[in-house]
Colleague: 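Have a look at this one before I ask anything.
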There are 2 protein chains.
Amino acid sequence: MSAEYLFETNSSPDIASDSDVELRDWKSDYAKPMADIGIKQLAKILGISTASVSRALNNPDRVSDAMRKRVQDAAKQTGYRPNKMGASLRTAKTKNIIVIIPDISDSFNSGVIRSIERAASDRGYSVLFGDTQGIREAEISYGDMVRTRQADGIICFSHNLPFSDSDLDSENFKMPPIVNSCEQLQSLQLAGRAIPLVTIDNVAAGREITKHLLDLGHREIALITGDIDSPSTQQRLLGYKLALKEANIEFRQELIYEGEYTLEAGSSKTAEILSNSKRPSAIFCMCDETALGCLYTLKKNNVSVPTDISVVGFDDIKFARYFSPALTTVAQPVDEIGKQCVEILLDVIDGQTIDQKTVILPHKVVVRDSTQSISS
Amino acid sequence: MSAEYLFETNSSPDIASDSDVELRDWKSDYAKPMADIGIKQLAKILGISTASVSRALNNPDRVSDAMRKRVQDAAKQTGYRPNKMGASLRTAKTKNIIVIIPDISDSFNSGVIRSIERAASDRGYSVLFGDTQGIREAEISYGDMVRTRQADGIICFSHNLPFSDSDLDSENFKMPPIVNSCEQLQSLQLAGRAIPLVTIDNVAAGREITKHLLDLGHREIALITGDIDSPSTQQRLLGYKLALKEANIEFRQELIYEGEYTLEAGSSKTAEILSNSKRPSAIFCMCDETALGCLYTLKKNNVSVPTDISVVGFDDIKFARYFSPALTTVAQPVDEIGKQCVEILLDVIDGQTIDQKTVILPHKVVVRDSTQSISS
DNA sequence: TAGCAGAATGTAAACGTTTACATTAATTGT
DNA sequence: ACAATTAATGTAAACGTTTACATTCTGCTA
């Protein structure tokens, strides 16, 4: 948290006292004994067995019409809410999934998450989430939640499995339902197990966006990568190399700037680029946030985009089209990614066989105003 | 989803086959019987009672050193993971909190969420989240989760209580632990109950940022609001009016443009502003995303910021300083808001009395490049 | 009318913990 | 050395559901 954030306390009129209402004390309210009713009391009230209540509520067709109506009415009447813990314990299903994510406030991620939440909710699942900040211990502790029966499955945004090495090595370790989103697992971690993955084809995408630049006549294309260890970065980099090779252009390591999927990396790495003697005519940022940081530094140094330098990003976050200039980038089907993740995960949880271990969703390069032909 | 997103399927080399590893079938792996061990088996293995195991693990000081070591070792050895459902059922505590939020992909929200997650995690709680998209039914269904014992408390970003009206009216309705984040509850919903709130002083903030504009000599300040029903919008609007009054400037309704906290609203409302005969010299957007939309449309219409028009935002999302021009805005202490929310909530859950029903955190107007004196 | 199938309901065990209470072991004071 | 404490452990009930199995009811057929 930067110095800019050293807030001074500002005293001000208390906006919170809509004091036309008189407020009861809330704590005492909470301290009241739970008025809640359980299945037993409900059964007793109705003079029937708990089994009937349960059936009327969960398997309405296994019960007579009269019975069904009677207990459903009573349930509504009394405000009966079945205790999911009791149910979960008995059924060994939680109807929760956990999503493990390095940074939930990343624009691309939060888009996918939103979609996940919606899809899960549609199928009666809730989603817990764990923001790991890339910390291994955090990953592992969240991964543990399915073994402690707090969740039925995992959607993972990391290229690491959320389990400790010792667990992974263990003979009787059982892989819980898990699907990877956007990041392929490192094969050394796989240990012979195939984990479903939903992603785009990052190498194709990297190749295409590079080709776009190439087609515009660019020959010196700097690259600001994400975390160099991440498969998506590696794949996009491979795509970049492929495109160069296809165009018979020599790959030059000095044009590669190792960064991160962050604004700051984009900004600082661009400064580095600018500080070098000969400037590239284009910069390929491996994510849109990075591209924004890049645009920022470019403008600060009075190099104009796209006139002086073309810039492309990756992801097509919702802000991208509002950048100045509007960003050329490759769009990922955020909604579909999220949806597929939960579809697959829930299928696995339900014990269905998965036909496709990895689903590759279509991407699309969208050309906007941050790139232009080098000759013009 | 716009037409731009009509992806064509692109066939491409399957990047996923690192086929140097041979993959076992995953489904069959999952289908294996649960190898997991329970407290009973662990107890039997050690030849002790389940009570001792439980104590050694949860109340290590209530047990002899030898015993503690023995079972902890065995637990690690066997990979014993206590079933939280069993525990929750017994203890009536879930160690979950749920956060109910209209849009998790909103930049400001996701910042707060991240902070919430961290704080909760630090205190041993997990967080579930529900993205309601502003839909009342969704709010209510998520609110229900504490009554179904899936969570111990609620952090709510809406100005509505996540309970049905009939529940609220009900005589024996018991308010669960809940705290509001950023949005004050509508007083009519309060029904006599005081709900903790953590927020900034929106009217002071609105007043200050308006005053900033006023000090620069601006007299015609257009305002693009958030959802006009939301208290935060109302409060910021009030601040705007207050500042005008202090400066002896007449409030003019035609300068008020009712929008939303979105990029699109910023863009479209700015177009409206521009279409009117006399232009304001400044625009106050009630959130940064809106401001970005505003900047975008301004630029598209060749009005330059801040030369022709000054623009201010609200929130200071992480992108704000990277906008072009860098955005003058009011910073909210995102991290602190999240932290305080969980502190208070967990205190309430623990049955402690809350001294402060509403905590007002300090904000700060941060001046960057999107505003300038009107004379210059 | 007796017999019987099928539907409707009831009985009670089970899920995996925690914990009040009972018991046994260890420690202290005299 | 023997009570009297205190510490350590064990026993078994309880949490709130679901569900296999047993029982009762209903309506038909022969």
Colleague: Would you check, one step at a time, whether the test side-chain contact (heavy atoms from CB on, under 4.5 Å) holds for Met145(B) with Asn96(B)?
Modeller: CA-CA 10 Å; Met145(B) 296 185 73; Asn96(B) 288 152; over 6 Å; no

Colleague: Identify whether the distance between the nearest side-chain nitrogen and carboxylate oxygen of Glu139(A) and Arg136(A) falls below 4.0 Å.
Modeller: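 Salt bridge: yes.
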
Colleague: Quick one: are Ile178(B) and Pro162(B) in side-chain contact, heavy atoms under 4.5 Å?
Modeller: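 In contact.
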
Colleague: Between Asp131(B) and Arg118(A), is the closest basic N to carboxylate O distance under 4.0 Å?
Modeller: no

Colleague: Nearest nucleotide by nearest heavy atom, which residue falls closer to the 5' end of DNA chain D, Val63(B) or Leu89(B)?
Modeller: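 By nearest-heavy-atom nucleotide position, the 5'-most residue is Val63(B).
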
Colleague: Below 4.0 angstrom, which residues in residues 44-52 of chain A have at least one non-hydrogen atom near DNA chain D?
Modeller: Thr50(A), Ala51(A)

Colleague: Name every residue in residues 68-86 of chain A that has at least one heavy atom under 4.0 Å from any atom of DNA chain D, in order of residue number, or write none if there are no such residues.
Modeller: Tyr80(A), Arg81(A), Pro82(A), Asn83(A), Gly86(A)

Colleague: Do Phe163(A) and Met175(A) come close enough that some side-chain heavy atom pair is under 4.5 Å?
Modeller: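 Yes, close enough: below the 4.5 Å cut-off.
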
Colleague: Does Thr132(A) reach the side chain of Tyr142(A), with side-chain heavy atoms less than 4.5 Å apart?
Modeller: yes

Colleague: Less than 4.0 angstrom from a charged side-chain N to a carboxylate O is my criterion; do Asp73(B) and Lys69(B) meet it?
Modeller: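 A salt bridge is present here (some side-chain N lies under 4.0 Å from a carboxylate O).
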
Colleague: Quantified as the angle between the terminal helix axes (five pairs each), what is the overall bend of the helix from dT1(C)-dA30(D) to dT30(C)-dA1(D) to 10 degrees?
Modeller: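 Answer for the end axes of this duplex: 50°.
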
Colleague: Kindly indicate whether the side chain of Ser52(B), heavy atoms from C-beta on, has any atom under 4.5 Å from the side chain of Val71(B).
Modeller: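 Heavy-atom side-chain distance check fails, nothing below 4.5 Å.
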
Colleague: Under the side chain to side chain contact (heavy atoms under 4.5 Å, CB included) test, which residues partner Ser54(A), sequence neighbours left out?
Modeller: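 By the side chain to side chain contact (heavy atoms under 4.5 Å, CB included) rule, Ser54(A) matches Ile39(A), Asn58(A).
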
Colleague: For a 4.5 angstrom cut-off between non-hydrogen side-chain atoms, does Phe129(B) reach Ile116(B)?
Modeller: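 Of all side-chain heavy-atom pairs linking Ile116(B) with Phe129(B), none is under 4.5 Å.
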
Colleague: First and last nucleotide of DNA chain C touching chain B, 5' to 3', heavy-atom cut-off 4.0 Å?
Modeller: dG16(C) to dT19(C)

Colleague: Are the side chain of Ser88(A) and the backbone of Lys93(A) linked by a donor-acceptor contact shorter than 3.5 Å?
Modeller: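 Side chain of Ser88(A) to backbone of Lys93(A), a donor-acceptor pair under 3.5 Å: yes, one is there.
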
Colleague: Using the test side-chain hydrogen bond (donor to acceptor under 3.5 Å, both in side chains), find all partners of Asn83(B) that sit at least two apart in sequence or belong to another chain.
Modeller: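 For Asn83(B), no residue satisfies side-chain hydrogen bond (donor to acceptor under 3.5 Å, both in side chains) once neighbours in sequence are set aside.
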
